[in-house]
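Lettering of chains follows the sequences in order, A, B, ..., and the numbering in each one begins at 1.
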Amino acid sequence: MAEYETVIGLEVHVELATKTKIFCGCSTKFGARPNENTCPVCMGMPGTLPVLNKKVVEYAIAVGLALNCDISRYSKFDRKNYFYPDNPQNYQISQLYMPICTNGFVNVTAGEGSKKIRIHEIHMEEDAGKLIHDDEEDVSLIDYNRAGVPLIEIVSEPDMSNAEEVIAYLKKLKTVIGYLGASDCKLQEGSMRADVNLSVRPVGKKELGTRTEMKNLSSFRAISRAIENEKKRQIKLIENGERVIQQTRHWDDKKGESYSMRSKEDAMDYRYFPEPDLMPLIISEKWIDEIKANEPEMAEQKIERYILQFNIPRYDAEQITSEKKFTEIFEETVDLGANPKKVSNWIMGETMRILKEEKDEPENLNISPKHLAKLIEIVDNNTINSSVAKDVFLQVYKNDVDPEVFVRENSLAQVSDAGELEGIILRILSENPKSVGDYMAGKKKAIGFLVGQTMKATKGTADPAMVNKLLTKLLNGYGN
Amino acid sequence: MDNNYNRISKEMLDYVGILSKLEFEESEKESYIKGMEEMLDYVDILNELDTDTVPVDGGVYVRSQTDITAEKSEYQNVQNKDLLGNVVSAGDVNTGSQTDITAGKSEYQNVFREDTVSNENGQEAALYNAPVKKGEYIVVPKTI
Amino acid sequence: MKNLTALELSRKIKEKEISIKEVLDYTFKSMEDNKDLNSFVLEMRDEAYRQAEDVQKKIDANEELSSLAGVPIAIKDNICIEGMRTTCCSKMLENFIPTYSATVIERLRAAGLIIVGKTNMDEFAMGSTGETGYFGPCVNPINKGYVTGGSSGGSAAAIASGQVKLALGSDTGGSIRLPGAYCNVVGIKPTYGTVSRNGLIAYASSFDQIGPMAENVADAAALLEIISGHDAFDSTSLNKESYDFSGFLNDFAGENTINGNALNINALNENALNENALNENALNGNALNINISNKIATNEIKVDNISNINNLKGLKIGIPVDYLGDGLDDEIRESIYKTKEILEKAGAIVSEFEMGMFKYSVPAYYIIACAEASSNLERYDGVKYGLRAKDYSELHSMYKKSRSQGFGAEVKKRIMLGSFLLSSGYYDAYYIKALKTRELIKQCFENALNTYDCILLPVSPSTAPRLGESLKNPLKMYLSDVYNVSANLCGLPAIVFPAGESREGLPIGLQFIGRRFGEQEILYAAATCEAAGRGPESKAACEAHERGVV
């Protein structure tokens with residue numbers, strides 16, 4: 001049986017974080033009532049005209065530069081004509097002939113090493129509204145709040161060959177674009193949408209097979225499953241002597257399969273022609289230089305800098321730079337004098353753990369660097385012990401409390417006074433004769449229980465090292 | 001002149017109808033076909049012109065990037081203004097020449113608005129003319 | 001009131017000789033009397049009187065107002081007015097009520113003009129005769145058996161019949177100029193981008209322009225000034241430093257002399273002249289907006305010797321003779337040469353030349369216009385506004401039925417053609433070809449306008465056809481656009497002015513086409529011709545028709 005290789009290209013739509021829509025002054029803010037963020041322009045009312053939001057162009061250029069693209073000095077918009085209810089004018093203003101960016105690439109780490117994924121082009125376009133199914137009456141309801149929200153579409157070359165590379169590529173895009181502040185790139189929320197173009201061919205063959213386009217992939221898991229499924233489906237068709245039909249397929253993650261979306265009525269001819277209502281864009285060198293100069297430090301640069309400047313391992317640097325928010329917290333906390341490795345540990349350890357548990361997003365982190373630095377300090381100077389520290393950290397995470405204040409108010413300060421501890425320990429010993437007996441009989445492990453009881457009696461605030469030391473001393477002298 | 005190229009079959013009429021979302025009675029189809037064929041024959045006259053080297057942006061002849069940056073325009077001092085009347089500049093732009101390209105192109109490019117919210121409470125207006133609505137939404141037949 | 005120009009009427013209103021309410025009473029009565037012309041599809045009585053009150057208050061308070069404040073104006077029904085039914089004379093938009101007003105409407109309101117109604121037109125502005133509208137054809141007041149021309153037929157007829165003195169039309173392929181020519185009305189298609197398209201329901205985006213229509217050049221110029229200007233809502237709107245179109249009249253009245261008797265000139269602005277102070281020789285050219293051309297037209301100023309209106313000072317005018325070949329009525333050709341004489345007497349240098357590209361402009365125009373229209377009209381789908389069919393089975397059937405029921409035949413035809421021309425396989429052969437042809441035509445005109453300040457052309461190959469005649473022969477109807485579409489293709493300004501009439505008594509109109517931003521030159525030229533050409537004869541002819549003679 002022949003061996004097949006998979007060839008994958010991605011079309012990624014990214015919702016830009018501008019305050020207003022691309023062609024009108026409507027707000028893009030989430031949470032408005034249905035059809036609230038609309039105006040005659042984005043509703044496609046007769047007689048209305050689009051006017052381009054400058055910030056959209058700036059973001060598009062910034063993303064293009066960060067993805068190593070050539071920025072077109074002359075760029076235009078085109079109309080893509082098709083009828084669909086979420087599309088108020090029944091044409092979408094997009095860019096076909098002269099997109100804003102071309103010829104870029106990113107390097108992703110997948111499997112063994114690094115792979116270069118080329119980017120064919122990036123263009124600007126407008127988003128469509130939302131269709132909601134109404135079960136009651138078996139109709140569809142339209143909300144145009146999203147119609148006109150600015151998108152950039154990033155089209156890759158078919159350089160990927162498996163789900164791992166695809167996900168690495170998407171994560172890379174997300175990081176880069178997130179760093180620029182251009183979008184929050186959330187697959188689940190739809191601010192980043194990936195369409196997968198996939199074809200298969202026998203290993204060694206140069207020509208590409210017929211590709212299909214897959215939509216409705218709203219998580220990394222769905223993407224992986226869909227790629228596997230489609231690959232198998234196409235191979236099966238070919239092995240059966242059938243042709244793969246070029247089509248758009250809708251992925252149903254619940255069912256774990258895809259189905260063809262198109263009907264006879266969805267003619268594919270979009271009849272693109274230059275948008276006559278918008279003027280061409282002429283991008284000057286000066287503007288590009290300005291945007292380049294405003295580019296924040298990107299992940300790769302940060303990694304190298306962290307290693308050199310802060311002497312933390314590469315792994316740590318990579319973890320921290322995986323999210324812009326982490327880098328902000330990290331840099332500011334270190335700025336306040338905290339030990340970089342310790343800060344890194346708190347981020348990689350507790351922070352990430354709690355985020356995962358709470359299923360929360362890094363952007364929502366409420367930890368002020370000042371408080372994190374303080375926490376590290378009071379652990380360092382033994383004011384609290386490490387297990388208390390975790391509890392305090394949870395409060396810092398949840399409510400950004402001042403650790404010192406919190407410790408004081410809740411009497412969490414570590415009890416390190418030997419005299420005080422001894423008194424408590426003696427009481428514990430007298431309350432637990434069996435364990436004492438066990439220990440004396442040679443079961444050294446019984447001390448663990450007694451340590452535990454002491455910690456419990458002190459509500460966890462006892463200095464564990466000291467407790468251990470004192471217990472050992474007292475037990476050894478016990479009975480004497 | 002090869003007039004066969006301009007013949008419109010019933011299938012073609014139906015296909016263009018799908019693109020345009022228009023349908024015709026059987027009895028009407030002949031007349032629309034005839035009307036279209038007549039126009040196509042008429043506009044064929046443009047084939048007399050040699051337009052191979054005429055630059056337009058429509059996908060066929062794309063002006064090179066160096067063409068553009070080398071050109072100047074006499075209207076460089078024109079100010080672009082945004083929706084609120086503030087002057088918006090796109091930096092030092094080299095504008096294209098006057099005989100440039102397509103459709104009614106005015107002498108300047110880079111017409112922008114600033115990213116500031118200027119609309120609010122659009123719901124009433126959005127729903128005002130809707131033929132069928134339900135609550136805060138517009139209703140259409142079920143889509144996929 | 002009949003014999004006043006709009007500018008004069010406004011002045012009388014501002015001087016409180018007449019109230020706006022009286023003017024409106026007269027206007028609405030006239031509209032009643034002329035219902036059979038079908039010029040209006042919507043009367044805005046309540047709104048007009050309400051607006052009149054507001055403007056009257058300002059007048060009574062002696063506030064400073066525009067040169068046309070208080071004057072009623074009719075608006076073509078493809079321009080949106082908030083809260084007022086706007087239909088484009090299509091069943092598709094029969095009950096559509098815009099939730100915003102076009103920029104030009106805001107400008108008119110700010111200038112104190114009173115909107116009295118929406119005028120009849122060809123459906124979605126697609127037509128050259130004024131007959132394709134859903135509410136019936138526009139009827140020509142000069143002779144009711146004939147068309148008004150289109151697509152701004154209602155606006156032209158409303159002026160020609162005296163219902164209003166001012167109207168807005170729109171011109172995509174001659175839609176202001178053709179009805180202007182058939183109805184003896186002055187109309188201007190401005191340089192593309194001069195007037196905002198925000199609120200103009202689009203037909204062909206690259207060509208559409210709103211323009212003024214009036215009884216005379218000065219009124220049209222004043223109206224153009226009011227509606228022009230940069231608009232942030234229209235990306236194709238120009239941002240010029242000056243929109244002074246009436247200023248030319250200063251020069252017109254400048255150092256030159258008019259040999260006349262007892263000039264009774266009423267100054268229109270604050271730098272008022274003593275009414276009778278003007279002597280035979282010189283007019284004080286000191287920034288006066290004097291409506292000389294109108295005075296001449298209405299015989300208030302008697303001009304003995306036109307040669308003394310030496311105001312065209314060597315203006316170079318070109319006549320493209322290759323455009324005047326077969327197919328053009330002899331009488332219209334004669335009219336061109338008569339106009340040439342008038343212009344030369346006034347000091348212009350008129351030459352004949354070969355322009356080229358004559359037979360390519362209409363095909364190029366129709367390809368681009370239909371292509372853009374097919375896209376611009378996609379939004380009419382019965383979803384958010386407009387007609388939604390009652391009897392559909394699912395989504396696509398809803399689209400098809402709504403659109404097929406809502407649009408008339410001509411509109412459907414152009415949409416089909418446009419979609420076809422843009423479809424893959426044909427895009428290069430047709431659409432791109434047309435764009436390239438357009439470039440060549442632009443170069444042609446640019447070259448010509450390097451030599452000449454403006455070009456004189458007919459507006460139509462013949463005078464108005466009879467009602468019902470053209471729809472049988474659509475191709476012939478399209479060919480009537482042959483003189484007009486070039487100005488749209490190139491974005492150039494053009495003005496139609498009355499230039500006599502045929503032996504049958506039907507109006508003949510001609511046009512000047514100028515350079516981009518060359519409105520001044522064409523206004524100069526048209527005003528001169530108007531002064532000389534609009535003599536008593538054509539007025540008498542109009543009156544004769546009104547009395548039912550021929």
Side-chain angles (χ1 to χ4, degrees), chain A residues 18-20 24-27 33-40 43 51-57 72-74 76 81 83-86 90 96-98 131-134 137-144 250 261 264-265 267 269 271-274 276 278-287 290, chain B residues 15 18-21 56-60 62-63 65-69 82-84 88 90-96 100-106 108-127 129-130 132-144:
Chain A
T18 53
K19 298 200 203 85
T20 58
C24 65
C26 286
S27 166
R33 308 263 354 123
N35 290 306
E36 188 66 41
N37 290 344
T38 60
C39 72
M43 284 295 294
V51 184
L52 181 60
N53 181 341
K54 189 176 176 192
K55 198 86 188 132
V56 174
V57 184
S72 305
R73 298 300 190 266
Y74 185 79
K76 287 182 73 164
N81 300 282
F83 279 81
Y84 208 60
D86 61 4
N90 289 314
L96 177 74
Y97 298 113
M98 297 185 169
L131 286 167
I132 303 165
H133 186 69
D134 179 311
E137 293 176 37
D138 204 27
V139 292
S140 289
L141 304 173
I142 318 175
D143 174 10
Y144 290 104
H250 181 98
M261 272 175 84
K264 189 170 68 88
E265 290 286 342
D269 195 339
R271 289 155 286 140
Y272 283 95
F273 71 99
L278 290 171
M279 289 293 106
L281 288 173
I282 296 203
I283 314 291
S284 66
E285 293 304 324
K286 182 162 161 226
W287 197 16
E290 265 169 31
Chain B
Y15 175 65
I18 290 177
L19 293 178
S20 321
K21 297 299 168 209
V56 289
D57 313 320
V60 175
V62 177
R63 305 183 55 194
Q65 299 296 330
T66 49
D67 283 349
I68 290 124
T69 49
D82 67 11
L83 276 177
L84 303 176
V88 172
D92 180 30
V93 287
N94 288 322
T95 53
D100 219 24
I101 317 154
T102 56
K105 176 180 164 302
S106 60
Y108 61 77
Q109 295 78 18
N110 296 353
V111 181
F112 295 127
R113 32 173 280 275
E114 289 298 308
D115 189 27
T116 38
V117 178
S118 58
N119 298 329
E120 52 181 20
N121 298 333
Q123 196 191 71
E124 197 185 325
L127 300 174
N129 283 287
V132 184
K133 46 192 173 212
K134 182 175 179 180
E136 296 169 302
Y137 297 91
I138 294 182
V139 175
V140 285
K142 191 171 75 166
T143 55
I144 316 168

Inset, instruction - Decide yes or no on side chain to side chain contact (heavy atoms under 4.5 Å, CB included) for A:Asn90 and B:Lys21, but give the supporting numbers first. - result: CA-CA 11 Å; A:Asn90 289 314; B:Lys21 297 299 168 209; over 6 Å; no
Inset, instruction - Mind running side chain to side chain contact (heavy atoms under 4.5 Å, CB included) on B:Asn121 and A:Glu36 for me, showing each step along the way? - result: CA-CA 5 Å; B:Asn121 298 333; A:Glu36 188 66 41; 3.0 Å; yes
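Across all non-hydrogen atoms, the minimal contact from B:Tyr137 to A:Ile142 is CD2-O, 3.5 Å. Closest approach of A:Thr38 and B:Ala126 over heavy atoms only: OG1-CB, 3.5 Å. Across all non-hydrogen atoms, the minimal contact from A:Asn35 to B:Leu127 is ND2-CD2, 4.1 Å.
Interface remark: A:Leu281 contributes backbone and side-chain atoms alike to the contact with chain B (heavy atom separation under 4.5 Å). When heavy atoms are compared at a cutoff of 4.5 Å, A:Val56 does not approach chain B at all. Looking at A:Pro85, the atoms closer than 4.5 Å to chain B (heavy atoms on both sides) all sit in the side chain, from C-beta outward. When heavy atoms are compared at a cutoff of 4.5 Å, A:Leu278 does not approach chain B at all. Contact of A:Asn53 with chain B is made through backbone and side chain together, with heavy-atom distances under 4.5 Å.
Using a 4.5 Å heavy-atom threshold, the side chains of B:Ile138 and A:Met43 count as touching.
When each of B:Glu124, B:Glu136, B:Lys133, B:Glu120 is checked for heavy-atom pairs under 4.5 Å with chain A, B:Glu136 comes out on top.
Listed by chain and number, the residues in a side-chain contact (heavy atoms from CB on, under 4.5 Å) with B:Ala125 are C:Thr99 (sequence neighbours excluded). For A:Glu137, the side-chain contact (heavy atoms from CB on, under 4.5 Å) criterion is met by A:Asp134, A:Val139, B:Lys134, not counting sequence neighbours.
In this structure, OG1 in B:Thr116 is found 12.0 Å from NZ in A:Lys55, a value given to the nearest 0.5 Å.
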